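Note that the structure is a prediction, hence the values are computed from the model and not measured. We use all heavy atoms of the structure for the numbers below, so side chains are in, but hydrogens, waters and symmetry mates are not.
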Amino acid sequence: MRTQLSNAVKAIIEYRKVVERWPQSHLADDALYAVGTAFLSLGETAKAREDLRKVAAQYPASPLADDAVFMVGKSYEDEADRLASVTREKSLEQAKNIAQKNAYKDAQSGRRAQQKIRDERIAQLRKGGKGQAASIEEAARAANYGQFNDANVLLYAQRADQEVETLTATQLADRQDKINAALRKAVDAYTTASRVAGADKADDALLQMATIYDQRLKDSPQAMQTWLEIVRQFSGTAVAEDASWRIARYYELAGKHAEAIEAYQGFLRSYRRSPKAGAAQFAVAESYEHLNRWVEAMDSYTNYITNFPEGPMLSKARDQINWIKTYRL
C-alpha cells in the first residue's frame, strides 16, 4: 500500500485506519510498523518511537516486533550522532554570537543609564537657576561622551571574550550529557529487541549494545558482559566470531594474559578459518611471554610459523624463537 501512497501524511492516516478498525487483523502489525517508519521519514522521531514501541507491545508475536524496537534504538543512535557532529568550532561560534549580543545589550544599557544620570543633573542645575553650571556640565558630557563610550564598549567586549569560553564549555558539557542519554536509551531499546521471543534481530541488537558500551560510553565491563552473551547465544555465527575476538582483545589490553590465552585459544578452536586466526595465534605466543612461560611461548610461535606460513608476522615469530632459545632457555 505504501508504494501507492507517496504522501507520507496520507499514508499514516490510511494505515491508522487499518490498526483502529481491524486491530486483530494479520495486517495490523504491518500497518502500525508502517506508521512508525512513515513518521521517521517525516522527521517526527518522538511519534515514530511511540508507534514502533506499540508494535512490540501490542503484537509481541509479530515478526516485526523486534525490528520495530531495533529501529527505536537506531533512532537514538542517530540522535547521538547528530549531537556529536556539532564541533567545538560550531559551539564557539554560537557562544560568540550569544556573548556579543549580551555585550551590545549591556553596553547600550550602561550608556543609557549614565546619560539619564547626567540629564537629571543638568535639569536640576537649570531648575535651581544655575544655567552656566548646567551648560558647563553639558559641554563636559559631550567632551567625555566618546571616551566613555569607547571605555564602556571595551569593558563589555573583554567580558564577552571571557564569557565565550564559559559558554562553550557549558555547551559542550551539556551536549555530551545529551549524547550519553541518547546512547543509553538506544541500549535500552536494543536490550528490548534482543529479548523478543524468536527475534531475528537479537544478535544485531546485542552487537550494537556492545559497540556502544565499548566505543562510545567507554563502559568496558558492560561491553564484556554483552560480548559474552553474544557468544553464549549465537556461537558459530559471524556476530559471535566478532564478539569472541573482542573478548580476547579486552583481556589482552587489560593485561590479563592468562585469560587472554584462554580466550584466543577458544577463538582458534571455533573460528580456525577466520582472517584473524593468525593474529590470534601470535597473540597467544606473546601472552605466554608476558607470563614468562617461555617453552609454551616458543611452541606457540612455532605453531604460527607452521599454520600461517604466509602470515605477516612470520619473521618476528622466528626472531622471538631464537631470542627465547638464546636468553630464556
Self-check item: From CA spacing to verdict: side-chain contact (heavy atoms from CB on, under 4.5 Å), L52, L40
Solution: CA-CA 10 Å; L52 289 168; L40 275 181; 4.2 Å; yes

Exercise. Walk me through it: do V284 and Q265 pass the test side-chain contact (heavy atoms from CB on, under 4.5 Å)?
Key: CA-CA 7 Å; V284 169; Q265 288 177 336; 4.1 Å; yes

Practice problem: Take D81 and R216, measure what salt bridge (charged side-chain N to carboxylate O under 4.0 Å, His left out) needs, and give me the verdict at the end. | Solution: CA-CA 11 Å; D81 290 340; R216 306 194 68 172; 2.7 Å; yes

Quiz prompt | Residue pair R249, E252: steps toward the salt bridge (charged side-chain N to carboxylate O under 4.0 Å, His left out) verdict | solution = CA-CA 5 Å; R249 285 285 295 162; E252 182 184 8; 3.3 Å; yes

Exercise. Please step through side-chain contact (heavy atoms from CB on, under 4.5 Å) for the pair I12 and L42, ending with a clear verdict.
Key: CA-CA 11 Å; I12 289 169; L42 292 171; 3.8 Å; yes

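Looking only at side-chain heavy atoms (C-beta outward), F70 and Q208 come within less than 4.5 Å of each other. Proximity of M313 to F308: side-chain heavy atoms (C-beta onward) are nowhere separated by under 4.5 Å. Side-chain contact between Q281 and Y301: absent, with no pair of heavy atoms (C-beta onward) separated by less than 4.5 Å. The shortest side-chain heavy-atom distance between F39 and D51 falls under the 4.5 Å cut-off. I305 is listed as a side-chain neighbour of I321, based on a closest heavy-atom distance under 4.5 Å. Between N292 and W294 there is a side-chain heavy-atom pair separated by less than 4.5 Å. E286 places a side-chain heavy atom less than 4.5 Å from the side chain of K316. Two residues are said to be in side-chain contact when any heavy atoms from C-beta on lie closer than 4.5 Å; I261 and L291 meet this criterion.
Put simply, the residue from E77, K185, K201, R195 that forms a side-chain hydrogen bond (donor to acceptor under 3.5 Å, both in side chains) with Y190 is E77.
Taken together through direct or relayed side-chain contacts under 4.5 Å among Ile, Leu, Val, Met, Phe, Trp and Tyr, W227 and L217 form part of one hydrophobic cluster. One hydrophobic cluster, built from ILVMFWY side chains closer than 4.5 Å, cannot hold both L27 and Y59; they sit in different ones. Under the 4.5 Å side-chain heavy-atom criterion for grouping Ile, Leu, Val, Met, Phe, Trp and Tyr, V19 is not connected to I13 through any hydrophobic cluster. In the hydrophobic clustering of this structure, W323 groups with M298; members are Ile, Leu, Val, Met, Phe, Trp, Tyr whose side-chain heavy atoms approach within less than 4.5 Å, directly or through other members. Connection of V55 to M71 is established within a shared hydrophobic cluster, with ILVMFWY side chains joined at heavy-atom distances below 4.5 Å, either directly or through further cluster members.
Between atom CD of residue E262 and atom OG of residue S287 there is a gap of 12.0 Å, rounded to the nearest 0.5 Å. To the nearest 0.5 Å, the span separating CZ on R82 from CD1 on I179 amounts to 11.5 Å. If you take OG1 on T211 and CG on L207, they are separated by 4.5 Å, rounding to the nearest 0.5 Å. Here S25 contributes atom OG and D30 contributes atom CG; the two are 8.5 Å apart, rounded to the nearest 0.5 Å. Residue T192 holds its OG1 atom at 8.0 Å from CZ of R53, rounded to the nearest 0.5 Å. L268 CG to K276 NZ: the interatomic distance, rounded to the nearest 0.5 Å, is 12.5 Å.
Ion pairing of E50 with K47 is absent here, as no side-chain N (NZ or NE/NH1/NH2) approaches a carboxylate O to less than 4.0 Å. Salt-bridge formation is detected for the pair K74/D78: a Lys NZ or Arg NE/NH1/NH2 atom is positioned less than 4.0 Å from an Asp or Glu carboxylate oxygen. The pair E296-R293 counts as a salt bridge, with a side-chain nitrogen and a carboxylate oxygen less than 4.0 angstrom apart.
Between the side chains of Q225 and E229, not a single donor N or O lies within less than 3.5 Å of an accepting N or O.
Looking at S270, its side chain never comes within 3.5 Å of a backbone N or O of F267 through a donor-acceptor pair. Side chain of N307 to main chain of N303: a donor-acceptor pair is present (N/O by atom type, distance under 3.5 Å, no hydrogens or angles). Here the side chain of S235 pairs no donor or acceptor atom with the backbone of R232 at under 3.5 angstrom.
The minimum heavy-atom distance between S62 and D29, with the atom names listed, is OG-OD2, 2.5 Å.
Taking the six-membered ring for Trp and thresholds of 30 and 60 degrees, Y304 and F282 have ring planes more than 60 degrees apart, a perpendicular arrangement.
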Can you give me every donor-acceptor pair (side chain of residues 239-247, partner residue at least two apart or in another chain, under 3.5 Å) with its distance?
{"residue": "E241", "atom": "OE2", "partner": "S274", "partner atom": "OG", "Å": "2.7"}
{"residue": "D242", "atom": "OD2", "partner": "R246", "partner atom": "NE", "Å": "2.8"}
{"residue": "S244", "atom": "OG", "partner": "A240", "partner atom": "O", "Å": "2.9"}

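Both tests do not hold together for R184 against Y213: distance to the six-membered ring centre under 6.0 Å, angle to the ring axis within 45°.
The ring pair (Phe, Tyr, Trp, His ring centres under 6.0 Å) test applied to F234 returns no partner, not counting sequence neighbours.
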